[in-house]
2 protein chains.
Amino acid sequence: MARRPKGPVSDTRGRILDVAEGLAQHRGFNGFSYADIAGEMGITTASLHYHFAGKAELGRSLIERYAERFAQKLEEIDATSPDARARLEAYAGLYAALLEQGRFCLCGVLAAEYETLPKPMRDAVTGFFDKNEVWLIQVLELGKAQGALQFSGAAADAARMIVAGLEGAMLVARPYGEVARFKAAAVQLLAGLARTVPAQPQAG
Amino acid sequence: MARRPKGPVSDTRGRILDVAEGLAQHRGFNGFSYADIAGEMGITTASLHYHFAGKAELGRSLIERYAERFAQKLEEIDATSPDARARLEAYAGLYAALLEQGRFCLCGVLAAEYETLPKPMRDAVTGFFDKNEVWLIQVLELGKAQGALQFSGAAADAARMIVAGLEGAMLVARPYGEVARFKAAAVQLLAGLARTVPAQPQAG
DNA sequence: GTCTATAGGCAGATAGAC
DNA sequence: GTCTATCTGCCTATAGAC
């Protein structure tokens, strides 16, 4: 498993996706053009059309590669951290790492312009969130069984709150250009799930 | 106070803003054009330019009106709910009401395309979030004093988590078109701040 | 695979009549 | 205040040479 469908055949395709991903993360899908990609790469827009029939197809590939890589990182977390709480922190760490690279969650950005996206891209975006949710549910249920995590209600609701909280923290941190804003919100968010709270141990 | 700078002089200006606001919320600022507004209103783009010199100025007016109205609603909450927890719930209710009208937070959408926005719009967006934060800090500190709310760390961090959580819940609910998704996440979020938790009273 | 050249459409914006 | 007419520039996309 984990074998790549495409080898490093020409890798122009990959470099196009690299550039496009950065542009999409920073400017949104409606905020960049083929000319922007071509300009940054030193090629022409006609060349881009050789690799991707149109912007819609490029966009779909963009999300699919992004989601694939994200899923790989989740697998790595599973393999590295047996503890549910550590897994959650590593999960938040994926978002923080993005911000520290001066990037943002591609699907968070695309969610904001969801209605303008071509259908294949829309499906890929929800697919990404669905996968995140499934993974988080499994972590949350493990954590509950381990006695390391607590939450009221269904694991699915808690999972959605985590995705929402992290995506939102990233979204709001963006205008300020402050990674610290994201981190403070993330800590605050996960603190609500930790069973042993370090702060005021107010026995009722 | 609270006197409007402009009376209902011609109100074409206001109707333009109404239409543009809906378009911006649904498609993002880069996802609609003067032609879209004009088409929806049954006028021409030249007429739009009479009321707003350019799209940048229109955008700035859009945010300013939005922020003004939001601030008014916060004042109404202050006047209506003396209790801090009720205020927080009313605050989340503002977001829920937007979604139920099939709308989204204008500034949340704009935050996602922040880097592409003209400078005056960027300042207006951060101004909106700043105002939210200031209001929330005051509510959180009141709640702490009342003994109705609890949170670890600074009130400012908790405030930012609330804004992030609600904006994120709205963002992620959007691709699914499910208001319930937002509400579940919001409840989950505020539950972490309530001092008396209704769920498992697990005395440790 | 990459190029030049170009099509056809839409963007934001302006001049000037009414 | 709203219109017609028009400009310039950028957009995605294609044809066809190399």
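- Computed from coordinates, the B:Phe52 CZ to C:dT14 C1' distance equals 18 Å when rounded to whole Å.
- Comment: B:Asp123 engages B:Lys119 in a salt bridge, judged by a side-chain N to carboxylate O separation of less than 4.0 angstrom.
- Considering only side-chain N and O atoms, A:Ser47 lies nowhere under 4.0 angstrom from the phosphate OP1 or OP2 of C:dG1.
- Annotation: side chain to side chain donor-acceptor pair (under 3.5 Å) contacts of A:Glu115 (sequence neighbours excluded): B:His26, B:Arg174.
- In this structure B:Glu76 satisfies the side-chain contact (heavy atoms from CB on, under 4.5 Å) test with no other residue, sequence neighbours excluded.
- With sequence neighbours excluded, the residues that form a side-chain contact (heavy atoms from CB on, under 4.5 Å) with B:Arg160 are A:Arg181, B:Glu133.
- The CZ-P distance, from A:Arg27 to D:dC10, rounds to 13 Å in whole Å.
- Applying the side chain to side chain donor-acceptor pair (under 3.5 Å) test between A:Lys183 and each of A:Gln188, A:Glu178, A:Glu100 identifies A:Glu100 as the sole match.
- Put simply, B:His49 has no side-chain N or O that comes within less than 4.0 Å of OP1 or OP2 on D:dG1.
- The distance from atom CG of A:Asn30 to atom C1' of D:dC10 is 15 Å, rounded to the nearest whole Å.
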Anything under 3.5 Å between a protein N or O and an N or O of nucleotides 16-18 of chain D, put it in a table, one pair a line.
none

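- Under the side-chain contact (heavy atoms from CB on, under 4.5 Å) criterion, A:Ala155 pairs with A:Ile137, A:Leu140, A:Glu141, A:Phe151, not counting sequence neighbours.
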Tabulate protein N/O versus nucleotide N/O from nucleotides 6-11 of chain C, keeping only pairs under 3.5 Å, one per line.
residue: C:dA11; atom: OP1; partner: B:Ser33; partner atom: OG; Å: 3.2

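- Going from atom CD1 of A:Ile37 over to atom P of D:dT12 covers 8 Å, rounded to whole Å.
- Not a single salt bridge (charged side-chain N to carboxylate O under 4.0 Å, His left out) links B:Asp130 to another residue, sequence neighbours left out.
- Atom OH in B:Tyr50 sits about 16 Å away from atom P in C:dA15, given to the nearest Å.
- With rounding to whole Å, A:Ile16 atom CD1 is found 10 Å from C:dG1 atom C1'.
- Considering only residues two or more places apart in sequence or on other chains, B:Gln25 meets the side chain to side chain donor-acceptor pair (under 3.5 Å) condition with B:Arg103.
- Residues satisfying the salt bridge (charged side-chain N to carboxylate O under 4.0 Å, His left out) test with A:Arg27, not counting sequence neighbours, are none.
- When rounded to the nearest whole Å, the span between CG of A:Leu58 and C1' of D:dA13 equals 14 Å.
- For D:dT2, neither phosphate oxygen OP1 nor OP2 lies less than 4.0 angstrom from any side-chain nitrogen or oxygen of B:Thr44.
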